[in-house]
Amino acid sequence: KIDSKLYAMIEYGLEWYEESNGLLNINIGDLSDIWNEYYKSSDGIPTEEELNNVDVDIKNIVLLGNNKIENNHPNIDLDMIKRGYVTEEVGDYLEDSGIKVYLINAGGTIKAGEYYEKVGSYLVGIESPFIGDDKELLTSINLNKNSADSTGSYQMYYEYNGKTYSNLINPKTKYPAENMVGVTVLADSSADAEALSYILFLMPIPDGQKFIKGYEDAEAMWAYVNDESQKKKIITENFYNIK
């Protein structure tokens with residue numbers, strides 16, 4: 001039997017596995033552990049044999065109801081959802097306590113309550129994810145009773161043989177994602193914003209553009225380097241005008 005809050009978060013992760021067609025997979029703990037060892041040493045990458053021996057089958061996580069989980073020793077990794085999920089819980093707590101005016105900064109996740117004046121919104125800067133920009137802003141957005149989450153490869157990565165490897169692993173390839181350098185998602189819920197930004201980071205941009213259309217309350221921005229080594233960004237239609 002596990003804590004009810006942990007049980008609910010695991011349930012949430014399993015729901016996103018289905019939503020993302022397996023891209024958001026919280027059963028990648030063994031895979032994360034292998035890559036983390038190479039991040040620490042910055043010396044080499046896992047062998048094909050090491051990666052092939054890792055089992056990421058989501059069926060290894062078995063929830064039994066009543067806050068019980070099958071004790072078959074799954075290695076669960078909640079990194080891709082925990083920040084946004086907990087931020088949403090904190091926002092709900094404030095709202096339930098009668099506090100409507102607030103702004104939560106949880107690193108890559110921002111959750112805004114009502115603005116502190118009758119008219120207006122919170123102006124929030126999005127840090128550039130491009131290596132070398134050093135705290136420069138990529139853009140700024142306005143938030144009011146909604147959330148933003150940024151996922152990027154610019155803070156945790158290492159280089160080996162002239163190639164950069166991020167800490168964001170695609171469970172289908174078992175290798176770090178290479179499609180872009182950063183994704184920001186705006187959504188009503190900070191939990192959904194983080195889950196979506198992680199999923200979009202693992203997808204090629206055209207696939208991500210189709211995927212995000214399925215979420216009416218969400219908008220996205222992709223930051224990437226094109227074939228000419230130019231820094232680029234793409235936004236959805238209402239990124240700067242989200243309700």
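Residue indices begin at 1 and follow the sequence shown.
The minimum heavy-atom distance linking Pro171 with Val56 is given by the pair O-CG2, 4.0 Å. Of all the heavy atoms in Ile199 and Ser20, the pair that sits closest is CD1-CB, 3.6 Å. Scanning all heavy atoms of the two residues, the minimum distance from Met203 to Leu23 falls at CG-CD1, 3.6 Å. Closest of all the heavy-atom pairs between Ala218 and Val185 is CB-CG1, 4.4 Å. Nearest heavy-atom pair across Ile205 and Met180 is CG1-CE, 3.8 Å. Annotation for Lys172 and Gly22: closest pair CE-C, 4.1 Å, computed over non-hydrogen atoms.
Looking only at atom types and distance, the side chain of Asn146 has no donor-acceptor partner in the side chain of Asp188 under 3.5 Å away.
Counting only distance, with no hydrogens or angles, the side chain of Asn144 and the backbone of Gly120 share a donor-acceptor pair below 3.5 Å. The closest donor-acceptor contact from the side chain of Ser147 to the backbone of Ser190 lies under 3.5 Å. Remark: side-chain polar atoms of Asn226 are paired, donor with acceptor, to backbone N or O of Gln230 under 3.5 angstrom. At distances below 3.5 Å, not a single donor-acceptor pair connects side-chain atoms of Tyr122 with backbone N or O atoms of Lys111. With hydrogens and angles ignored, the 3.5 Å screen pairs a side-chain donor or acceptor of Lys174 with a backbone N or O of Leu51. Put simply, the side chain of Glu50 gets close to the backbone of Thr47: a donor and an acceptor are under 3.5 Å apart.
Checked options Thr151, Thr109, Asp192; the residue passing with Ser197 is Thr151 (criterion: side-chain hydrogen bond (donor to acceptor under 3.5 Å, both in side chains)).
Using a 4.5 Å heavy-atom cutoff, the side chains of Ile110 and Ile104 are not in contact. Considering only heavy atoms from C-beta on, Met80 comes within 4.5 Å of Ile26 through its side chain. Within the 4.5 Å cutoff, no side-chain heavy atoms of Tyr93 are placed close to those of Asp96. Thr139 has its side chain within reach of Lys233: a pair of non-hydrogen atoms, C-beta onward, lies under 4.5 Å apart.
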- Tyr160/Tyr165 under ring-ring contact (aromatic ring centres under 6.0 Å, His included): CA gap, chis, key distance, verdict: CA-CA 8 Å; Tyr160 176 70; Tyr165 295 89; 7.1 Å; no
- Query: Taking it one step at a time, do Glu237 and Lys213 satisfy salt bridge (Lys or Arg N to Asp or Glu O under 4.0 Å)?
  - Reply: CA-CA 10 Å; Glu237 184 177 0; Lys213 286 181 179 179; over 6 Å; no
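Under the 4.5 Å side-chain heavy-atom criterion for Ile, Leu, Val, Met, Phe, Trp and Tyr, Tyr240 and Val124 are members of the same hydrophobic cluster.
By the 6.0 Å contact criterion, CD on Glu49 is open, its count of non-hydrogen atoms from other residues, nucleotides or ligands being 12 or less. Few gaps surround NZ on Lys100; more than 12 heavy atoms of other groups in view lie less than 6.0 Å from it. For CG of Asp33, the number of neighbouring non-hydrogen atoms (other residues, nucleotides, ligands) closer than 6.0 Å is greater than 12.
Outside the 6.0 Å centre-distance limit, the rings of Tyr198 and Trp16 are not counted as a close aromatic pair.
Ion pairing of Asp149 with Arg83 is present here, as a side-chain N (NZ or NE/NH1/NH2) and a carboxylate O approach within less than 4.0 Å. For Lys145 and Glu95, the salt-bridge test fails: no basic side-chain N is under 4.0 Å from an acidic carboxylate O.
Trp35 and Tyr158 have tilted rings, their planes meeting at an angle from 30° to 60° on a 0 to 90° scale.
If you take CD on Glu70 and CG on Asn60, they are separated by 9.0 Å, rounding to the nearest 0.5 Å.
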